[in-house]
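Everything on this sheet refers to the single structure shown next.
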Amino acid sequence: MNARYPDFKKQETELYDKIRGLSEKFDRLNKAGKDTTNTYQRLGAVLEEFLLFRRKGAKTKLRGE
């Protein structure tokens with residue numbers, strides 16, 4: 001973990017929790033035969049946010065090394 005980014009782990013965990021929650025909701029709705037469009041779009045947005053977060057963290061870590 002990078003010292004210049006102390007809440008990296010906290011933010012990473014929050015994003016993992018969002019992804020997990022939306023994935024579970026998507027599965028429940030899908031199994032119930034309900035519309036998953038909104039949940040699918042929200043999951044995509046969170047996954048994109050996570051990707052950007054990881055890229056930012058990786059760049060910060062590389063600069064700090």
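Because only heavy atoms are used, hydrogens play no part in the values below, and waters and symmetry mates are left out as well, while side chains stay in. Just so it is clear, the model here is predicted, and its values are computed rather than measured.
By the criterion of side-chain heavy atoms lying less than 4.5 angstrom apart, applied directly or through intervening Ile, Leu, Val, Met, Phe, Trp or Tyr residues, F26 is not grouped with L15; the two fall into different hydrophobic clusters. At a threshold of 4.5 Å between side-chain heavy atoms, the hydrophobic network of Ile, Leu, Val, Met, Phe, Trp and Tyr places Y16 and V46 in one connected group. Hydrophobic clustering, with ILVMFWY side chains joined whenever heavy atoms are under 4.5 angstrom apart, keeps L29 apart from L43.
Of the inter-residue distances, the one linking S23 atom OG with L47 atom CG reads 7.0 Å to the nearest 0.5 angstrom. Considering CG of L22 and CG of D17, their distance stands at 11.0 Å, rounded to 0.5 Å.
Residue pairs that meet the salt bridge (Lys or Arg N to Asp or Glu O under 4.0 Å) test with at least one member in residues 23-48, sequence neighbours left out, do not exist here.
The aromatic rings of F53 and F8 sit parallel to each other, their planes meeting at less than 30°, with 60° as the upper class boundary.
Counting heavy atoms from C-beta on, the side chains of E14 and K10 come closer than 4.5 Å.
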Q: Before giving the answer on side chain to side chain contact (heavy atoms under 4.5 Å, CB included), spell out for K18 and F50 the whole-Å C-alpha distance, their side-chain angles and the decisive distance to 0.1 Å.
A: CA-CA 10 Å; K18 284 182 186 178; F50 179 74; over 6 Å; no
